[in-house]
Every structure is written in C-alpha cells, then in structure tokens.
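Report on the following structure.
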Amino acid sequence: MSFINRDESEGLPNPQTRDVFVDGDKVYVATDGGLAISDYLGLFYVPSYASSNGLTTDSIWSVYADGPDVYVATGENLGISTDGGQTFSTYGQGEGLGNNSDVYDVYADNQKVYAASAGGLSIAWKSDIDAGTPMPFTTLNSTDGLGANRVRGLFVTGSTIYAATQGGLSISTDGGANWVNRTTVDGLGDNYVYDVVVEGATVYAATVGGLSISTDGGANFTNRTTANGLGDNFIHEVNVDGSTVITANDDGGISVSSNGGTSFTTYSTTLGTAVGLGSDDVWGVTVAFGSIYAATMDGVSISGPGMLSRPNLEFVNRTTSEGLGSSQVYDVFADGLDVYVATTGGVSISHDGGDTFANRTTADGLGDNFISAIFAVGSTIYAGTSGGLSISTDGGGTWQNFDSTDGLADDYVNDVFVEGGKIYVATDNGLSISTNGGSTWATRNTSNTPNFGSDSVKGVSAEGQFVFAATVSDGTSTGGFSFSYDGGSAFTNFTTIDGLGSNAVTGIFLSSMFWLFSTDGGLSLGVKPSTYPDDFPPWFQYANSEDGLGCDTLHGVHASNDYYVVASTCGVSVSENMFQFYDYDTTDGLGSDQVYNVFVDGTTIYAATSAGLSINRNLQSNPSTSTPGSTTIPTGGVPNPTPTTNTPNPSVPSNLPPTLPVTGSDSPGPYYWLILTGSVLVLVSRLRSRTRGVSGDRIDALPSEN
C-alpha cells in the first residue's frame with residue numbers, strides 16, 4: 001500500500017494530526033497546531049489558527065463538518081463555526097460542557113450537538129445554541145450510568161447513543177436517559193474504549209486491548225488482536241463500511257480487513273508494507289472517495305489501498321481494414337457515435353462508434369493527407385495537416401484549407417482547438433488565433449509576445465478568456481506551459497522552476513478544478529486558481545514512472561467520466577486519481593505501444609497509435625470485468641475525478657483561494673471522485689467522513705452516503 005504524506009510543506013500548521021474529516025470537496029485535519037482545511041481534497045491546506053479565529057487553543061483533537069457548520073473538539077473546549085471554519089465560538093464548563101481541559105470528540109445531527117470529554121458526554125439542542133442560550137449543554141457522566149466520566153468517542157443513530165468510555169462501552173437506546181455498560185465481562189478486549197462504530201446490528205469497539213466486535217447490537221463481543229493480524233492491540237479509531245474494516249493503531253500503522261474483521265492485513269512503516277505513511281502512530285482514519293486518509297503523528301497520509309487488482313481493459317484495434325486512411329494514427333476526437341481520426345492518409349470518419357470508417361483526402365479539399373490533429377464542433381470538423389488547417393462545415397464532405405499565405409503562423413499544424421467562436425492553432429512557428437472562421441489570423445510567438453515559452457507549440461486549449469499553449473524548446477527558447485488570461489494577447493510562462501515535470505509540454509487537458517499537462521518528464525497537474533491573476537502562479541505536482549506510468553515520455557492526456565488516461569511512448573496509462581496508474585500495451589490489444597494521443601468519451605477510450613486506432617468501450621466503475629466489442633457506446637457517468645500525486649510541490653501561496661469555481665458541463669458540483677488504486681471508483685455524494693448511522697449521518701469512522 002502506498003501513501004502520500006501531507007505535512008507543513010503543504011500547509012499543515014503542525015505534523016502531529018489526530019483526526020481527519022471529509023465533507024464534500026473539503027478535507028479538515030485536526031492538528032496540534034490548529035485546524036487545517038483543504039478545498040483540494042487534501043493536496044494543500046489552509047491552517048486556521050486560534051489567535052485569529054476565536055479558538056482558545058491550537059490543540060485540536062477531533063473535527064466534524066456539515067456544510068458551513070464546523071465543530072472542533074480541542075484541548076480546552078468545544079469550538080463551533082457557522083462560516084466554514086473561518087471564525088469560531090467556544091463552549092466549555094460555563095456553557096454546561098463536562099470539562100474544559102479535554103474535549104475528545106464531537107458530532108452533530110439536524111437537531112443536536114454531542115461532545116465527548118474527560119468530564120462526560122454533553123448534549124445540546126442546536127436551536128438553543130443558535131439562540132444563544134446561556135447553558136445549552138447538559139452533561140451525562142458516571143452518576144447517570146456511563147461506564148466512566150472520561151468519554152473518548154461516540155456514535156449516534158436515531159435515539160441510540162454509544163459512548164466509548166474509560167470504563168467500558170456505554171449504550172443508551174432512549175437518547176441518554178438510561179444506560180447499559182459493556183465491559184471485559186461481555187467480551188471487550190479492555191474496558192478503556194477509544195472509539196465505537198455501528199454498522200447495522202454490528203458494533204465495533206476500538207479498545208486499548210484490541211478491536212471488539214458484537215453482532216448482536218452490543219450485548220456480547222468477540223475480540224480481535226495482533227493474533228488476527230492487527231498492527232497493535234491499542235486501537236485509536238475504527239472505520240467501517242460493509243465488510244471492510246480499517247483500524248488506526250497506536251504504534252502499528254493501519255490494519256485493513258475485507259471480511260468484517262475476522263482477519264486483518266497491517267500496513268506500517270516498520271514492516272515496510274506502507275510506503276509513504278507518515279508514522280505508524282495513527283490516531284484517526286477515514287475513507288473518502290475510495291481513499292484512506294490517516295491522521296498520523298507525522299502528517300496526514302492519503303493512500304491507495306491496493307486492495308483492487310489492475311483493471312482489465314481490453315482494446316480492439318482498427319486499421320485500414322476498417323476503412324482508415326492509414327494505420328498510422330496521430331489524433332482522435334469523438335462525440336457519441338461520431339469518431340474523427342487523424343491519419344497519415346487523410347481524415348477518417350466513423351458514425352458507428354469506430355467500427356467502420358470513410359476516408360477524406362486532398363481529393364476532397366484537404367490541405368494535405370498527413371493529418372496531425374483533429375477537432376469537431378457539431379458538423380464542423382477542423383483538421384490540422386502538414387499543409388495547413390482544413391475546415392469542413394458539412395461533416396467532412398468538402399473542405400476549405402488555410403495556410404501561411406492566409407496568415408497562419410506555419411503550414412504544419414500540431415494541434416487545433418475551438419472555443420467561443422475562436423480557432424486556436426498550434427504550429428512550429430507559434431500559436432495562431434482566428435476570430436472569424438479562419439479568414440484572418442493573429443500569431444503569438446517569442447518574436448512578438450514576451451514570456452511566450454517557445455515558437456514550437458505542440459498543444460493548445462482554451463476556456464473563455466484563458467488560453468493555454470503547450471510548448472517545447474525550439475533551440476533558443478526553453479519551452480513550458482504558456483498561459484493567457486486575456487484571450488491570448490499576453491502570456492505568462494511556467495517551467496520546471498514552477499514544478500512542471502519537464503519544459504517539453506506536449507498536451508493539455510482542462511478539468512473544472514485542475515489543469516493537466518503531458519510532458520517529457522511525466523504528467524503534471526496544476527491547481528486551477530479561482531481568480532486571475534491574483535492567485536498566480538498556480539502550483540504544480542507531477543506523476544511519473546514511479547507512480548506507475550509506464551514511461552515518462554508522454555504525448556497526450558485526457559480525462560472523462562472517472563478516469564485520467566495518458567498516451568505515451570510505451571502504451572496507455574489509466575488512473576482514477578493520479579496516485580496509481582495502470583499501464584496497457586500491445587498485450588492488452590493496443591495496435592502499438594507508440595501512442596500519440598488519447599480521447600475519452602463517456603466510458604470509451606480511443607487511443608491513436610502508430611499501428612491503428614485502439615478502442616476500449618468499457619471504461620467504467622468496475623472495469624475489471626470490461627470486454628471489448630459492442631457498437632453501442634455506454635452513456636452516463638459523472639464528472640472528472642480530482643487527483644493528487646506523491647511528488648513534493650512548491651509552497652502554497654498565502655492567498656490560497658477559499659473555494660474553487662465549479663464551471664462547465666463537466667462540473668462536479670457537490671460530487672467528487674477520488675480513488676487511490678487506479679481501479680474501481682465509488683460515486684460519493686455529500687460525504688460524511690466518518691461512520692454512518694441508520695439515519696445516514698456518520699461519525700467517528702468513515703465517509704457516508706454513497
């Protein structure tokens with residue numbers, strides 16, 4: 001199992017973390033230096049410090065969030081924020097809380113707030129808190145039937161409350177009026193219980209003597225220890241989802257069970273089975289988007305569980321036998337059943353999902369039969385040729401060609417992109433832009449545009465007024481990723497100094513939250529700023545062969561549905577989150593390992609190879625069962641995933657935006673995808689990062705509503 005670890009270099013105020021919670025796209029981390037919040041699913045964090053937001057201490061033990069409402073259990077009191085963690089009000093013994101010195105856990109539902117402390121279990125009506133009632137909390141302790149005053153964790157479902165105490169597991173079925181206490185007499189591993197999670201009728205109690213499991217609602221327990229594979233008998237927290245059980249161990253890393261807790265596999269730095277885990281001393285663990293988030297004593301670690309096998313993506317290959325103009329394919333564009341292919345023998349067009357093709361050549365008006373780029377908008381097709389840009393407005397029937405005599409920067413076209421009525425053409429002599437269908441062109445290159453990366457432009461993309469040019473060194477300029485936020489008039493260039501994997505940038509793909517760049521040094525990811533130019537420069541990370549990419553020399557990248565797909569000199573690499581890539585080559589049906597570009601449309605991958613167009617039509621949430629074949633392309637799916645990598649990134653700017661904009665047709669809105677194994681992805685909506693009660697809310701363990 002591999003982890004990436006986040007510490008001070010990514011914005012955590014302190015590496016000692018005790019809890020992690022995920023709500024929607026936000027990750028909240030409780031540290032010994034304050035509350036850290038990430039809008040980027042854990043890539044970067046904005047620390048919330050006690051001195052500036054109303055908290056009276058930086059020591060945070062636990063965190064729970066529901067939209068703008070954020071609750072933190074601290075070493076002094078309970079903090080409640082109604083503005084996403086920007087400011088807090090605090091509650092202690094003066095407000096009825098059981099203890100001022102140690103509040104260990106907190107949970108809130110639609111009606112009540114629950115706080116576990118060294119002085120008992122405190123409960124308040126949210127309406128009383130909102131109304132400013134002087135003492136909104138009522139505290140229950142051992143005199144009310146709890147096993148002990150010290151309550152470390154809690155779980156609530158309906159009117160049933162489970163309290164993990166220093167003297168046993170206390171259970172109330174009437175909202176706290178009456179309690180029964182379970183101890184070692186009932187099978188608990190120890191009377192000191194740190195955490196409790198309930199899944200159906202099964203109760204999981206994390207104790208200092210093992211993980212105790214009851215299948216009869218908490219009446220009787222069976223205890224699991226290191227003899228069953230646990231990394232340590234001292235369990236800080238437990239996370240449960242169906243038959244998958246994960247424990248955070250005191251000095252034994254993370255233990256994972258796929259059979260309901262019968263047996264465990266442990267991942268720890270000591271055993272060498274957890275690459276990148278911050279520390280074996282793990283205090284909190286949650287699962288979100290299929291990823292394990294672990295709060296350790298040396299950072300918050302995000303993992304690809306490694307529980308799933310490599311997806312079985314079988315490709316079928318199309319060549320001249322199916323009507324392609326040539327089996328040498330440089331680019332592909334697809335929209336439903338319409339597939340457009342750039343070959344060295346013309347533009348090949350399919351209306352049946354890539355089963356059969358009709359070919360168009362210079363005889364139909366193309367500038368040249370050597371096609372290097374293809375793009376389509378409705379019935380208008382744009383073909384980048386070695387003799388200019390050819391445009392067809394009738395679905396490929398006839399073509400009009402534009403070359404250097406019409407103002408194009410160069411006759412050899414590397415890429416073409418159309419957006420907002422503008423045509424962007426990447427050439428070996430700069431970037432050409434037309435606002436009138438190709439009649440006139442304005443060119444941007446190093447001779448007329450300061451800070452332009454290079455005249456050799458290999459890729460181009462645009463989004464409104466934002467223009468992106470992928471450049472490589474032309475012998476006099478360095479290359480890099482050139483960005484314009486004024487429609488292409490002025491550019492800023494980014495290179496390896498800014499975190500790119502290489503200055504040779506070969507392709508660009510834009511998602512709603514991230515920018516992806518294929519380079520000669522791996523796949524680079526840039527976080528999309530929310531304002532321009534205030535948030536600049538963007539910060540980058542990158543994935544390379546160490547992250548599973550077959551090789552570092554990449555030709556193109558595309559993302560759709562739930563997946564990132566990369567074209568390289570050694571095949572196609574597929575990932576569901578940038579943590580782990582899986583590689584596919586000729587043994588999986590690719591026409592060639594030399595893949596020049598990829599396009600993902602819904603659940604279909606199209607790979608342009610040197611020996612044909614290779615197609616997989618079953619890229620979906622369970623690709624291990626995928627098979628090639630049918631002419632009907634599946635529809636559906638969700639927006640792009642949000643990735644991360646395991647490569648250190650530059651410092652996060654102090655003006656990190658509080659939120660990322662959500663725009664475009666692929667906008668994820670409140671739904672996000674993330675997985676850490678490059679295999680099966682789970683759609684998660686409105687996450688709770690802990691364990692679900694019957695009502696659908698989760699506390700103390702894992703994400704919620706799926």
Side-chain angles (χ1 to χ4, degrees), residues 372-373 375 382 384-389 402-419 422-436 438 440-510 515-522 524 526 529 532-533 536-540 542 553-557 650:
S372 54
F375 193 92
Y382 303 83
T385 84
S386 62
L389 176 70
F402 301 89
D403 57 22
S404 55
T405 62
D406 301 293
L408 205 64
D410 194 271
D411 287 346
Y412 195 98
V413 176
N414 294 314
D415 195 19
V416 57
F417 189 88
V418 180
E419 202 267 347
K422 292 184 178 181
I423 306 171
Y424 302 88
V425 178
T427 81
D428 282 341
N429 195 35
L431 175 67
S432 293
I433 305 173
S434 176
T435 59
N436 53 16
T440 59
W441 298 88
T443 293
R444 302 301 177 208
N445 54 30
T446 56
S447 64
N448 61 24
T449 307
N451 302 316
F452 201 78
S454 167
D455 289 350
S456 183
V457 184
K458 297 301 181 183
V460 61
S461 189
E463 185 180 82
Q465 289 297 301
F466 312 133
V467 182
F468 308 77
T471 77
V472 303
S473 175
D474 57 4
T476 58
S477 302
T478 60
F481 147 55
S482 296
F483 170 76
S484 171
Y485 58 87
D486 62 1
S489 296
F491 282 84
T492 301
N493 197 53
F494 299 94
T495 65
T496 52
I497 296 175
D498 305 292
L500 283 178
S502 168
N503 289 337
V505 183
T506 56
I508 301 170
F509 181 83
L510 311 178
W515 301 336
L516 296 174
F517 307 95
S518 56
T519 79
D520 279 354
S524 294
Y532 304 83
F536 267 64
W539 45 99
F540 295 93
Y542 64 91
T553 304
L554 309 183
H555 292 146
V557 57

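Because the structure is predicted, anything quoted here is derived from the model rather than measured.
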Check your understanding: Any side-chain heavy atom of Val457 within less than 4.5 Å of one from Asp415?
Key -> no
Practice item. Would you mind reporting whether Ile423 and Val416 have side-chain heavy atoms less than 4.5 Å apart? Key: yes
Review point. Does the gap between the ring centers of Phe483 and Phe468 come in under 6.0 Å?
Key: yes
Practice item. Quick one: closest heavy-atom pair of Val467 and Phe491, and the distance? Key: O-CE2, 4.0 Å
Point to revise | Any residue meeting ring pair (Phe, Tyr, Trp, His ring centres under 6.0 Å) with Phe417, in chain and number order, not counting sequence neighbours | key: Phe375
Revision key, fill the gap. Closest non-hydrogen atoms of Arg444 and Gly488, given as atom of the first, atom of the second and distance, are NE-O, 2.9 Å
Check your understanding: Checking Ser461 side chain against Phe509 main chain: does a donor-acceptor pair fall under 3.5 Å?
Key -> no
Review point. Side chains of Trp441 and Leu389: does their closest heavy-atom pair fall under 4.5 Å?
Key: yes
Check your understanding: Tell me, do Thr495 and Ile497 make a side-chain contact under 4.5 Å, heavy atoms counted?
Key -> yes
Study note, to complete from the structure: Distance col, row Phe494:CZ vs Asn503:CG, nearest 0.5 angstrom, shows 13.0 Å
Review point. Would you find a donor on one side and an acceptor on the other, under 3.5 Å apart, between the side chain of Ser477 and the backbone of Gly479?
Key: no
Check your understanding: Side-chain donor-acceptor pair under 3.5 Å between Ser404 and Asp411, yes or no?
Key -> yes
Review point. Under the 3.5 angstrom rule, does the side chain of Ser484 hit a backbone N or O of Ala490 as a donor-acceptor pair?
Key: yes
Check your understanding: Where the side chain of Ser482 meets the backbone of Phe452, is there a donor-acceptor pair that is under 3.5 Å apart?
Key -> no
Study note, to complete from the structure: Here the pair of heavy atoms bringing Ala426 nearest to Lys458 is CB-C, 4.2 Å
Check your understanding: Given side chains that start at C-beta, do those of Asp455 and Asp410 come closer than 4.5 Å, heavy atoms only?
Key -> no
**Study point:** side-chain contact (heavy atoms from CB on, under 4.5 Å) involving Ala409 - partner list, sequence neighbours excluded
**Key:** Thr427, Asn429, Ser432, Thr443
Check your understanding: Would you say Thr492 and Asn451 make side-chain contact, with heavy atoms under 4.5 Å?
Key -> no
Check your understanding: Where is the tightest heavy-atom contact between Gly522 and Thr519, given as atom of each residue plus distance?
Key -> O-OG1, 2.7 Å
Review point. Backbone N or O of Gly507 within a donor-acceptor pair of the Ser518 side chain at under 3.5 Å?
Key: yes
Practice item. Would you mind reporting whether Asp428 and Asn414 have side-chain heavy atoms less than 4.5 Å apart? Key: yes
Exercise for review: Look up atom CZ in Phe517 and atom OG1 in Thr506, then write down how far apart they are to the nearest 0.5 Å.
Suggested key: 11.0 Å
Review point. Is the backbone of Thr440 close enough, under 3.5 Å, to the side chain of Ser434 for a donor and an acceptor to pair up by distance?
Key: yes
Review point. Looking at Thr449, Thr478, Thr446, which one forms a side chain to side chain contact (heavy atoms under 4.5 Å, CB included) with Asn493?
Key: Thr478
